Amino acid sequence: MKIAVCPGSFDPVTNGHLDIINRASQIFDKVIVLVSYNPNKQTARFTVKERIEMINAVIGGFPNVVVDCDSGLLADYLTRTKACAIVKGLRAVTDFEYEFQMALANRRLCPSAETVFLTTSPENMYLSSSMVKEIASLGGDISGFVPSQICSAIVERLHKDA
Ligand code: PNS
């Protein structure tokens, strides 16, 4: 069975993430959406539990997709789950250097897994979780950026915090 891991912060999951998850699910037998720890992003607005709940709410249509979380090294998780691939979405050239560096490090740490980059769909080129949080916090409309099932939950939560 070919298992792929889609790792990320998912704070929160966006239409861009969902597009990549959907496309990965058509290539691999099983896709694990992994809510991972990014030491460079210490200011998450949603708890890991909330992020998992939101992902679960939007992956119902994909029978071979599951969600998990991990606070350790991605390479160790890949080894434990016998995953053969890390799937990441690439938006613009600005993503490339960071993603390339991580792909090389992960390859060194877990040579049995390949990093597979899927190019973003053009409508999601500019989309990021940070942008969604900023727009929602300032009262803007995020309905075009996040799955409809979780839109109001994100808005309520970020308004409550503001
Ligand atoms: O959505 P993000 O925050 O850009 O995703 C980055 C993430 C979480 C995939 C990356 O920080 C990661 O893999 N974290 C797990 C810890 C780890 O393995 N770090 C070394 C990466 S080479």
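Because the structure is predicted, anything quoted here is derived from the model rather than measured. Order of listing sets the numbers, starting from 1, for every ligand and every atom in it. Worth knowing before you read on, the calculation uses all heavy atoms, side chains too, and leaves out hydrogens, waters and symmetry mates. Note that the numbering runs from 1 along the sequence shown for the chain.
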Worksheet item: Hey, which atoms in ligand 1 end up nearer than 4.0 Å to a heavy atom of Leu74?
Response: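 So the atoms of ligand 1 that pass are 13 (O), 17 (C), 18 (O).
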Worksheet item: Hey, which atoms in ligand 1 end up nearer than 4.0 Å to a heavy atom of Ser36?
Response: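 So the atoms of ligand 1 that pass are 8 (C).
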Worksheet entry | Worked check of side chain to side chain contact (heavy atoms under 4.5 Å, CB included) between Val33 and Asp68 | CA-CA 6 Å; Val33 181; Asp68 195 5; over 6 Å; no
Taking [atom] as the reference point, the nearest protein heavy atom with its distance:
| atom | value |
| --- | --- |
| atom 16 (C) of ligand 1 | Gly72 O, 3.5 Å |
| atom 4 (O) of ligand 1 | Lys41 NZ, 3.5 Å |
| atom 14 (N) of ligand 1 | Tyr37 O, 2.9 Å |
| atom 5 (O) of ligand 1 | Gly8 CA, 3.6 Å |
| atom 3 (O) of ligand 1 | Ser9 OG, 2.5 Å |
| atom 19 (N) of ligand 1 | Leu73 CD2, 4.0 Å |
| atom 10 (C) of ligand 1 | Met102 SD, 3.8 Å |

Verify the neighbour count for atom [atom1] of [X]: are there more than 12 heavy atoms of other residues, nucleotides or ligands below 6.0 Å?
| X | atom1 | value |
| --- | --- | --- |
| Glu134 | CD | no |
| Arg107 | CZ | no |
| Gln26 | CD | yes |

Worksheet item: Should Tyr37 and Leu73 count as side-chain neighbours, where that means a heavy-atom distance under 4.5 Å?
Response: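 With C-beta onward as the side chain, the pair stays apart.
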Before accepting this row, confirm whether a basic side-chain N of the pair [X]/[Y] lies closer than 4.0 Å to the acidic partner's carboxylate O.
| X | Y | result |
| --- | --- | --- |
| Asp76 | Arg80 | no |
| Asp95 | Lys88 | no |
| Asp11 | Arg51 | yes |

Does only the side chain of [X] get under 4.0 Å from ligand 1, or the backbone, or both, or neither? Count heavy atoms.
| X | value |
| --- | --- |
| Ala105 | side chain |
| Arg108 | neither |
| Tyr98 | side chain |
| Gln101 | neither |
| Phe10 | neither |

Item to complete: Over all heavy atoms of both residues, which pair between Thr79 and Cys110 is shortest? Give the atoms and the distance, please.
Response: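 Minimum heavy-atom separation between Thr79 and Cys110: OG1-SG, 3.7 Å.
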Worksheet entry | Test item: protein heavy atom less than 4.0 Å from atom 7 (C) of ligand 1 |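 Within 4.0 Å: no protein heavy atom nearby.
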Item to complete: Cation-pi check, Arg91 to Tyr126: give yes when NZ or CZ is under 6.0 Å from the six-membered ring centre and within 45° of the ring axis, no otherwise.
Response: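 Here Arg91 fails the 6.0 Å and 45° test against Tyr126.
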